[in-house]
Every structure is written in C-alpha cells, then in structure tokens.
Amino acid sequence: MKKKVLSVLLCAAMTATLLAGCGSNEDTPAQPETPAEPVAETPAEPETPAEPETPAETPAGEIPQDYKYYFSFDEADPAVHLASRPNGTVEIVEGEPLLVDGVKGKAAYVDGVNGLKLDVNGVGQTYTVSFWVNPSRFAQYMPTLQYGPDMHGDATGGQHYVNFTWASWNPTSDELSYPSVWAYDQNAEGSPWPNWYTDVVDDHNKRWTNVTMTVDPANTNADGTLIIADLYVDGEKLVGTDAEGNERPVYVVQNTMEPSDNFDFLLGVNYWDAIMKGAFDEVYVYDYVLDASQVKALYTACDATAKYEEPAHDFVVTPTEGAIDTLGTTDLTMGFWSDWTEGVELKDGETKIVNLHNFSDGAATWDNYVVGFCNGKNEAHTIPNDMADYKEYLVVRADAYAWTPTTNSGDNADEFDINYSWGNWTTWQTQVMQDANVTLKISRKDNTITVDATQVDYNTTENTCTLTAKNVDIAADDPCYFFITGEHCYIDIMSIKDDIKADPNAKDTLGALNLVQAFWSDATDGFELADGATKTVKLNNYSDGKNNWDNFVIAFANTEVNTDALPSADNYDGYAEYGVLRADAYGWGDASFAYEATTSWGDDWAGWLAMMQDADVTLKITRNGGEVSVDFTFVGADGSEWTENITFTSTMDASSPVYFFFTNENSYVELLSVE
Amino acid sequence: MKKKLLCVLLAACMVFGLASCGSGSGSDGDSAGSGSEAAGEVGEDGVTTEQITLSYWHYEDDDMIKTLAEKFMEKYPNITVECKVITDMSTDLTAAASNNEFPDVFLATDSDTALANQWWVDISEYVDNDPETAMLASTIQEYGIGCFDTNHRYAMPTWYQPCAIFIDKNVLDKLNLEMPDPDWTWDDMIQLIKDATVDDRTGMKYYGLGYYNRLDSLYGIAACTSSERKIKGEFGYDGTDFDLQYWAVGEQQFSDMKLTGYVAPQQNTQAMEDWSGDYGTYFGATGHVAVFSEGFWTFQNLWNTEGYQEQYGLDIYPYVTPAVSGEKEHNTLGNMYLGGVSYACDHPYEAYLLLKWMNWGKEGWLERIAIYSDESNVNAAGVPLKAANMPFPMTTDPEVMDAYKTLFPQDEAHKPYWDRFFENLQRPVPYGWYNIAGYWNFCDQYFNSQTAAGVSAPGIHNIVDEGLGKSADYVEEANLMANYYHALYQLKYFGPEGYDVLDDAEQAWYQSVIDAQGVMTGIGERPVGTR
C-alpha cells in the first residue's frame, strides 16, 4: 500500500511538473463523461427488527419445530396446489402433485407443465426459508423457489419478490449457475434489482441440494436500502467474493416476506420463465433467523444421496368440454376409415380453420387425425365412399404423409411439399400427439391443396407441419369437401371456421393474420380529441383467445403520432402518455393516472376471451376537460353483445393537447372508421 | 541487441515528446507519448526505474492473467501489476472514473463506450515504432483495427477468438458423406449442411448445422473478393460506407435453413428436450450434428477435454470459415476485444508494454503457451487454463505459432486439418461493435428495433428468421442508417468535441453524410486525414 501511495504521489508531482513546464493543460487527458451523481438521500431508518425468537428449548444443531410453515410432501396436503400459467398468470389447477422419493420420505414432483403454489403468506421482515430441490432441467431464470408479496405487481403495480434461479452472472463463465439469488422491488426508490451469483459455477442439476436463506433486516448495506442475507447451500454458508477478494453480499430487497393478500410462494413456476422439471422436498419457513448449526441440521437430517425415478407423463384421454363433434372412442380403438366428421365445403381460394384435440395411443405415427378431401359432402359419421359419384382427391395424415388415388408422398416426393418442425419421431409419436391441441389451416387453390398444422402438446410445445399436394386431380370449379377422420385415436372437434378475411375497407390494420405481434410494435395514426369532443371508432378485433391482453389497446398522448414511427419519446419530441387502456378493462398512465372500469361480463373471462377472437368493436370516446370516458361495445361472431366503460383522469386538463391512437398485442385489428 | 535498440528509440521518442509539448503542434488528441514523460528516470530499455503499479482490467480467466502478470513482473521487478476482471464494462469503468480508480490498461467488449468517454489515449507512437507490430496479423495494420479510420491508434486487438467451423467426422461417416477439403467454399459448406440433414422418420434426426455464431455474420465478411469490395467490417463496411447486400444474402440463406429444418435446436429449450430427450443437451454433444458454427474456444473448453469426444461419440475437425469466392487468403470474422492505455495512466509506455505482453507480444505469448502446455496449471474452478477461453495469437511470429500449434491434436488424422486451419486463418476481422464507431447505435436505433406484422419481438433477425420479411428488403434503408450513425458518431468521438483528430476535410465529409441522412450519392470517398 505504501508503495502505491508513493507512486501516486510521485506521479502527481511529475504530472504537475510536466504541466507547469509546458505552460498549457491542453495535453491533459480529457476527463470521462461524468456520470450523474447519485442523489444523496437520507437512508430510511431500518425497521427495528423484532427480537429474534430463537426458542430457548431448541438445542443448537436440531431442526427447530417452531416453524411458521413446513411442507414434507410425504402425503397429499391441501396447502399444496398444482400451479400453471395458462394465460401468463399463475393459476391453481386441479390435481395433486406427483410424489416421488425424496431426501426424507416423499418429495413433490413438478413436470415442466405445472409448478406448485404453497399456502404460505409472509411472516415479516425477519425470516428463514429452506428447501431441497433436485432439478432435472434448468434454464436461465427458471425459478426453483420464488416468493414475494406482489410477485407480478398486480396489487401494487410493482413487482416484489425473491427468486432462487439459474443465471450466467458470474463474469468468469458463460455457464448457468445455481443458486443465483435475484430480488426485485419495482416500487422502491430506484427499483432495486440486486442479483447474486456463486463464485463456483455449478448448475446443481440432477442432484439434491439444500438451500437456506436467512434474512435479518438489521443487516443492511450502507444506505439501508438493501438487506444483506445469509445464504447456505447444503448447510454451509456461501460467501461470494469479487475479483479483489472482497465479499459480495447476498442482497435482497426490503419486505420480501411482508404479509399480503397477493402473496405468492411458488416452486418451479413463476409468471415469466420456463417451468422447472424436478422435485422439491422439506420446505420450511421461520419468522426468525436460524443460526448456522440449525441450518446445518436442515441439511444433515436428510439424505442428499436419495434418488428418484422421474415419473412419465400420465396421458389420460379426457373429452374436451365444448367439442362440437367427436371421432372414435376414448379407449382409442377406432379403426382406420371407421368414423368421419361431416364434410365441410372448401371452395377454390378458400381457407378453413379447424381446431381439434387429438388423443392417440402413441403406438404408430399414423395413429392420429387424418384429413380427407373429396367431391361430395358426407354426413357426420357416415362413410364418404358411399356417396354417389364419390371421388377422392387427397388424404393427408398428421404424420406428414399423404396420398392421392395415383401416388403418395413416400414414393413420389416431388408431388408434395412437406416441411415439419420436429426432429425426433419417437417424441412426436409418443409424447406430442398423445395429447395435442391441433389447429389445421386447410386451403385450396386451383389444383393445390395445403394442410398447415400446428400441434401443441401437453408441454405447450408447438410443432408445425405444412403439407402441400401440388398436382391434385381437381379443377378450380370442381366441388371440394374435407372431412376429419383418424386411426387409433380420439378426436374432439372444437371448431371449424372461416379464416380471417381482411377487410379491404379498413383504414389501417395492426398485427398480422397469424395473430402474433409483440406489444407496442405497431400503431395507428393519432387522432385529436379536443376538449368536449366525442369520437366514435369502429374496429374489428381478432385474437387467439389465450390472454386477456392479446387484443387492441387504445392510448392517449400529448402528441400526434403517425404510422412512420412508434409512439415514444425517442421518436417524438416531448411525447408523453396520459393513459393507456387495454380492451380487457385494464389501464395505466402517468403519475396522476386513475381509472374506473365497469364491464358487463363480470367474471366470465372465458366467455369474453372467446368472443374477442372475432369481435366487431365500437368505441365512443368522450373528453370533458381532464377526464376521458370510453364506452366499449363488443359484438361477437355469434351476435352476442358485451359492454365496458373506462373513465380515467391524469395530468391532462382542459387545455392539454390530447390525441389517441391504437396499438395491440398478439392480435389482428382492423381500424374501420374514426368519426 | 535489436530489442535494446528499440528501447533506446522509444526512449528517444518520449524525450522528443517532452520537448515538443510546449509547441502546440502535438495537441491533436491525448497522446500517450506525452504521458510517459511523467515516468521520470528510465533505464536503458526506456522503462521507468521507479517502483510503479499498473492496473490491468480484463475479461479473461483471472488466474491465467494473474499468472501471466507474475511473469511480467519477473521481467520488470519494479512494476507491480494489479489485475481485475471486468463484470460490466460501462458500470465498472464509469464507477472507476467517478472514484478516481480508473485502471491503467483495460479491455473493452465494445468500443463505443470507450470512445464516447475518451477513456483510451493515443498509443500510435508505441505501436508504430515497435518492430513486433510487423508480426501482427496483416489485417490489423491494413484495416487500422483500433485506429477507427483516424491517423491515431487508440486500441489494439487483444483477446481474439475466431469464428470457426467444426465438423464431426463421425456423423459424416454415418451418413456416408466425404470430409470436405479444408480449402472449401461457402457453397460447399451449405451443401454439406443440407446433405447431412437426414431424417429417416425414426428417432433423432441428423441436423446439418448447430450454431452459436449466426451464418449471416460470417457470410458478410467472406462474401466477396477484395477486388469487388474491400470489406473490412460487418455489414459490408469498407472504410467509407456500408453495403448490406452481402449480409442480406447470408441472412436469408441462414434464416431459410432454420425455417426448413436444417438447424439443430438450442440448449435449454423444450425443442432440445423433444429432440434429444434432455432439456440441457448441447447440440455439440449429440453425435447428430455434422457442422458447427462455433466460437473457437469451444474446442479447447469442451471438445478437447479429457474423454469428452469419446463419451459422446464425436470426432471433431476444424475448418476455417469459407470464402464465397473460394479465395484461400480471405477475411474471417472473430471476437476481438480491443484494449488500450487509459487516460488515467501515468506510465503509458509501461502500460503499453503490459498491454502488449498480455495480448500480442512474442514474449508474453511464449509465456502463455508455457502456462497452457502444463495442464496442472488450473484456475480456481480446477479447470486447466488451456480450457478456460484460451485465445488465438494475434502475432504471426513463427516461434509463437509453432508452439501454439502443439496445444492442438498432433495425431496423424487431425494434425493436417489443424495445420490447414492455422494456415487459412490469416485475415481476422472483428465484429462491428469492436471496430466501427456508432455500430451499437445503428443496431439499437435501427436494426434491432424494426418491427413487422406478426413478429414475436422487434429486430430484423427475428423478422427474417420467422419468415415474415426478406432481408433484401431492408438493404437500402439499412445502408442509409448505417452510414448515418457511423458518420454521426465518428464525428462525435473524433471531431472537435471528442478526441479532435479529424481535419477540416474529414469533418466536412462526415457532416455531409449526416446532412444527407446516409445517402452517399455525390459524396465521394472519405478523405484521408492530415492530423
């Protein structure tokens, strides 16, 4: 150190001498751009922690029994729920978690489709959480245990959680390491988002690991904003060091165990990331800080070498509610060409969309749905061949195979264009198609017929197969009907609809017919909304019915935007939003934004989602000074009418310039008129 | 003897620098030559005789760098080197600047940040007067890598990892395909990828390609002969303007192959689990991928580790990224961190020597190779240093290269391919973010923010990869935007508000590009600066 000080002094002296000698400071290296000084704030007084309630009767080295929560997973537990993420939000689903051999008795298995939600609420600022995990797969930010008083920000508008996850934050490696600790408090000053990585990069995959974290709010960083937690892995405290050997504390944000009506305590699932596969065991939550020997006991009391057999997915054929027709029987004994849907006319240039649920026995690639094309309309469950003058054009199997009366795709590949996405036929046959939601886009043009299939399996993995027969013996004016059949499978036909037909009179469109569109990546022109004015807007909304927010959005801003550039302050000088309203009665806006929403559909979100897949929408937008009211009227394809009103206020007042424009997410929107 | 002569020359240069500092003639930017006067007493070799400390911030394996620094300190006992791994360049260096703890030498993952803050000083005098400069890979001087189209050198290529192609011969054998000639062409490679994509409708399909590096980036550098266009950087950059038509061909070809099933799934995806049975499988460990577009490090870090290829049934051979024209000597893309001496350094000459020792100097590289050759030299994680992101030498010194080659397979089957690989890897070109001013701004403001109806996330790559647009449709507009952003930031970094090393003609030229919004018609060639 002394040597360094000396050298710095010498350097300073020499530099000063040099500069003096030169008589100019032009050669002084320019200073770097000065980063903004952090605003000095008086750190908030940390809450006085409650006296640790270490029970005197618990000897060191034993697992304290005064936990607030404990889950052994040895048997079914009503406080343990399967949790999935069907619509981007974590929801409890029916069923019991599979139990496998754990480190002590049984453990709960999560299968990559569902995680677990435990009935745990916050226990206060001072706490200990402990769990065992044995993952069989991992990915960046995939959660193991994640908890917090408002994980998704639904209640407070700000996400607030701790996540034990995998990340490649260690600068010496690109590999993912576990446990990486990530905490977030979006509503706190500066939205702190501390992350911590292990010094030794280790994914801990396919073996049992005990993770315990103790949180004492008395231990904070210098400004008191973050708590320094103690993290233990397999009973040993993990200490992180930086390149200079200084300790890297495990920081977590404040109040991560604050009791809340919106508290989530989730295993293997969260609101954003891939769902884990693997097992959890021995989950403890205490409202005080365990000491090192007690933490050690949580580890030594269990068998870290325990093994479990990864359970195979249990395929169950369950008829799907709402099916408009079914083929075969649930015992999957349907023979080939033994059951058919009603024929559906397919005119030249037309496209039909068929949604079906395919259950198969997985015994052969051809044990799945089949699409047949012929010249007549057969009745449901009646063999098409018996129709007078029956002529078969084409038969297309799910397994990327097809034939016409004269050839097939195996022998004469040049007659067919086939492109499928899967790389393993065994997986496709025995996993994907045993329980798959299938969308078929069936189209015909001249002598070409295309079946474009999207097959979504129980893992929600999407496979695609496009098969085009190029020289079908059919002319443009020939009659053509298709029907669905199959072999050793059970098929629920969910819907058969016309494809979305673009309205040539639309003033503007948002998104694409494939209904894939990132949020805020397309926008209409802006339309002025003067004080006291009312505008009436008509639009068509098409969506896939998966998420509430996958529909049109109307935004109100102080600047007139246009279709040349997306609305943002980067693209328009002084641009700012007053408020943004989603079709699903949700909104946000500037610092003064406040809104009230009423809807006609109550809790019937499933019905509303279904209606929004093809809805004629009318909006009546009225501004009175600083208040905007929007009346929504939705008319579904079945003629049903749904209504909604949102009224909001913000920083705008009667003198504010106000413009509205539309954007969307994962939907196709046709703007028909603005009057 | 020669070395001693050099040092005397360098010392003379520094003295000259001292004498000239009052004249005003040397005021074009911050020259490291003037900083070294602060070194005071120097020895015969021009190196200070005082006890000094130099800080070296980097991205390599810290144990490797510390070991190499010890060797440097053995040579220069009066210099103490303190090393640190940079976690995040902008954050770490901004904090260091604020706290007056800025390192003497640092490497950069992108140059825009360093140039915007003028964190590097001009080291032209050292580089230009160093005989070892002549031994550098030819493109470094020819393209002025680290000079950013000025007459001044602010950085030198440091940690270099070429983009490489590897072939699993076992897969080719299984599919009855011939190993290609190492002097292959781009079309040869594409055809091999297609031929090696085989699906017999049972079990795992064979994929022709597994990728870490996108093929469009590689294609853009190797797309044409130098007589057609002297491409010296990504997106067809030739030192004057950009021409993305070359990139567009590679982009479309690559995206089309992804869309039509020639490309293996990525690790940690459900698609990988569906294909291989394991979510965490790396495609390079399946024995079902023929061609890999990979980082060079993958060979030593993974495939060359004890028992790895045997365990997964692989037989890996190296190939240089092929040229479209088939030219043997052609440009190849690579990761190439740039490193320089910082504005805060009081001993720039010694810092230069340290930078060189750690990165391209012959002595340093011979020490490196000695360390790598002993597999008992491991890092804190127990990994042999050779398998911890070992870079490729930037020097062509025969002694270094001969020693370096011994770190790779020497058996009769593989050695000829490795020899040809080294022989063919002569003209490295860095990714755009290392050597083109304003590159990130172009990417952020244009390339990665384009949207299209139906695209899952913004960005031209996504649009083309998802089949929602053609790369060729973006060429015209992208050229303008790339020209514009480059000129804008070239002027910002090197004009009067920056390093101030552009003469009036250069400034006027960049301003005319900016005023024309990147339209180059009538603007002409970029003038060669006089400052």
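In what follows, chains carry the letters A, B, and so on, assigned in the order in which the sequence lines appear, proteins first and then strands, with residues in each chain numbered from 1.
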So which of A/Thr365, A/Asp203, A/Asp399, A/Asn463 has the biggest tally of heavy-atom pairs under 4.5 Å with chain B?
A/Asp399
Step by step, would you call A/Leu510 with A/Leu671 a side chain to side chain contact (heavy atoms under 4.5 Å, CB included)?
CA-CA 8 Å; A/Leu510 299 170; A/Leu671 183 62; over 6 Å; no
Tell me, side chain or backbone of B/Ala452 under 4.5 Å from chain A's heavy atoms, or both, or neither?
backbone
Flag for A/Asp199-A/Thr241: side-chain donor and acceptor within less than 3.5 Å
yes
Measure distances from B/Tyr206 to the heavy atoms of chain A and classify the residue's part below 4.5 Å as side chain, backbone, both or neither.
neither
Do any of residues 423-435 of chain A have a heavy atom less than 4.5 Å from a heavy atom of chain B, and if so, which, in residue order?
A/Gly423, A/Asn424, A/Trp425, A/Thr426, A/Thr427, A/Gln431
A/Thr165 and A/Tyr178 have their tightest heavy-atom pair at O-CD1, 3.2 Å
Ring-face cation contact, A/Tyr401 with B/Arg201, 6.0 Å cut, 45° max
no
Chain B: which of A/Ser136, A/Ala274, A/Gly511, A/Gly112 shares the most heavy-atom pairs with it under 4.5 Å?
A/Gly511
Check this for me, if you would: do A/Asp273 and A/Arg85 make a salt bridge, where the nitrogen-to-carboxylate-oxygen distance has to be below 4.0 angstrom?
no
Can you name the one residue among B/Tyr343, B/Tyr154, B/Tyr493 that meets ring pair (Phe, Tyr, Trp, His ring centres under 6.0 Å) with B/Tyr499?
B/Tyr154
Side chain, backbone, both or neither: which part of A/Ser421 has a non-hydrogen atom closer than 4.5 Å to chain B?
backbone
Pair A/Glu310-A/Lys277, salt bridge (Lys or Arg N to Asp or Glu O under 4.0 Å): steps then yes or no:
CA-CA 9 Å; A/Glu310 190 126 12; A/Lys277 271 187 185 177; 5.5 Å; no
Side chain from CB out, backbone as N, CA, C, O: work out which of these in A/Leu515 comes under 4.5 Å of a heavy atom of chain B, or both, or neither.
neither
Indicate whether any N or O donor in one side chain lies under 3.5 Å from an N or O acceptor in the other, for B/Ser276 and B/Thr281.
yes
At a heavy-atom separation under 4.5 Å, does B/Asp200 approach chain A through its side chain, its backbone, both, or neither?
neither
For each of A/Phe519, A/Trp169, A/Tyr420, tally heavy-atom pairs with chain B at distances under 4.5 Å, and name the one with the top tally.
A/Tyr420
When you look at B/Asn301 and B/Thr298, which way does the side chain to side chain donor-acceptor pair (under 3.5 Å) test go after all the steps?
CA-CA 5 Å; B/Asn301 284 10; B/Thr298 305; over 6 Å; no
So which of B/Met204, B/Lys205, B/Gln270 has the largest heavy-atom pair count under 4.5 angstrom toward chain A?
B/Gln270
Aromatic rings B/Phe102 and B/Phe106: how do their planes relate, parallel, tilted or perpendicular, breaks at 30° and 60°?
perpendicular
Output the option from B/Thr260, B/Asp61, B/Asp199, B/Leu93 having the highest count of non-hydrogen pairs under 4.5 Å with chain A.
B/Asp199
Full working for side chain to side chain donor-acceptor pair (under 3.5 Å) between B/Asp465 and B/Asn462:
CA-CA 5 Å; B/Asp465 281 0; B/Asn462 293 329; over 6 Å; no
